[in-house]
Amino acid sequence: NAGVTQTPKFRVLKTGQSMTLLCAQDMNHEYMYWYRQDPGMGLRLIHYSVGEGTTAKGEVPDGYNVSRLKKQNFLLGLESAAPSQTSVYFCASSHRGYDGNEKLFFGSGTQLSVL
Amino acid sequence: QQQVKQSPQSLIVQKGGISIINCAYENTAFDYFPWYQQFPGKGPALLIAIRPDVSEKKEGRFTISFNKSAKQFSLHIMDSQPGDSATYFCAATQSGGYQKVTFGTGTKLQVIP
């Protein structure tokens, strides 16, 4: 019963390096999201996807790209990492509950440090 | 533009006491208000949620109080336990094909013995 799985859990990058964060969900959810969590700022939406092959920008998309080639996977890419991207990144997926509202299921996070 | 304001930022409560976290929203189109609980090293998880057509919802020791006219809602944790120590996020969404969830900034709760 994996739910939402994120890899890696920790990563240290140097400024200018690139990397990809992988998110996989086994709940057959249509919607998937990438958030970043910073102290005092809560959870901010980076990008989201409403289905396979679709992506859209959230609140803080600059410096990030995403892809959703398969329904179960949602990738977050940093092309040229900057210290301002030091954060904890959470992937989430959602389904519509019995009350008609979306319920988010989160992964356990990726702690990224950019030096 | 912060659409959901949450307070306090941190809270220390003695075991057995009542923990109260408050949130206020601006967008009157919001019609679903969930609370998420996050333990250290874990992702947030849905704890309890309310719609604006009711003023209160209770699940065990957790209660949401909702004041539609004031555009405020709060989480009450009765008989707080050390195991409740976590960060709590209020949130708000609106109905539609895709619902964007707007989160508050979080409250770190510590329940001391």
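Protein chains get the first letters and strands the later ones, always in sequence-line order, with residue 1 at the start of each. From a predicted model like this one, the values you see are computed outputs, not experimental measurements.
- Under the 4.5 Å side-chain contact rule for hydrophobic residues, A:Ile46 and A:Tyr31 do not share a cluster.
- Within residues 76-88 of chain A, no residue has any heavy atom less than 4.5 Å from a heavy atom of chain B.
- Under a hydrophobic clustering in which Ile, Leu, Val, Met, Phe, Trp and Tyr are joined whenever their side-chain heavy atoms come within less than 4.5 Å, directly or via other members, A:Val60 and A:Met32 fall into the same cluster.
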* Asked: Do B:Asp79 and B:Arg61 pass the side chain to side chain contact (heavy atoms under 4.5 Å, CB included) test, and can you show the C-alpha distance, the side-chain angles, and the key distance before you say yes or no?
  -> CA-CA 7 Å; B:Asp79 187 26; B:Arg61 296 184 293 107; 4.1 Å; yes

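- Between A:Phe106 and A:Tyr35, the angle of the ring planes lies from 30° to 60°, which puts this pair in the tilted group.
- Between A:Trp34 and A:Leu21 there is a side-chain heavy-atom pair separated by less than 4.5 Å.
- For a residue to count as touching a neighbouring chain, one of its non-hydrogen atoms must lie under 4.5 Å from one of that chain's; by this rule A:Gln6 does not touch chain B.
- Between A:His29 and A:Phe105, the distance from one ring center to the other falls under 6.0 angstrom.
- Counting heavy atoms from C-beta on, the side chains of B:Ser19 and B:Leu11 come closer than 4.5 Å.
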* **Step-by-step salt bridge (Lys or Arg N to Asp or Glu O under 4.0 Å) determination, B:Glu56 to B:Lys58** => CA-CA 7 Å; B:Glu56 185 175 282; B:Lys58 184 176 181 179; over 6 Å; no

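- For the residue pair A:Lys103/B:Tyr32, the side-chain donor-acceptor check at 3.5 Å is satisfied.
- Residues B:Leu46 and A:Tyr33 fall within the same hydrophobic cluster, defined by Ile, Leu, Val, Met, Phe, Trp and Tyr side chains chained together at heavy-atom separations under 4.5 Å.
- Contacts between residues 64-75 of chain B and chain A, defined by a heavy-atom separation under 4.5 Å, are made by no residue at all.
- For B:Pro34, no part lies under 4.5 angstrom from a heavy atom of chain A.
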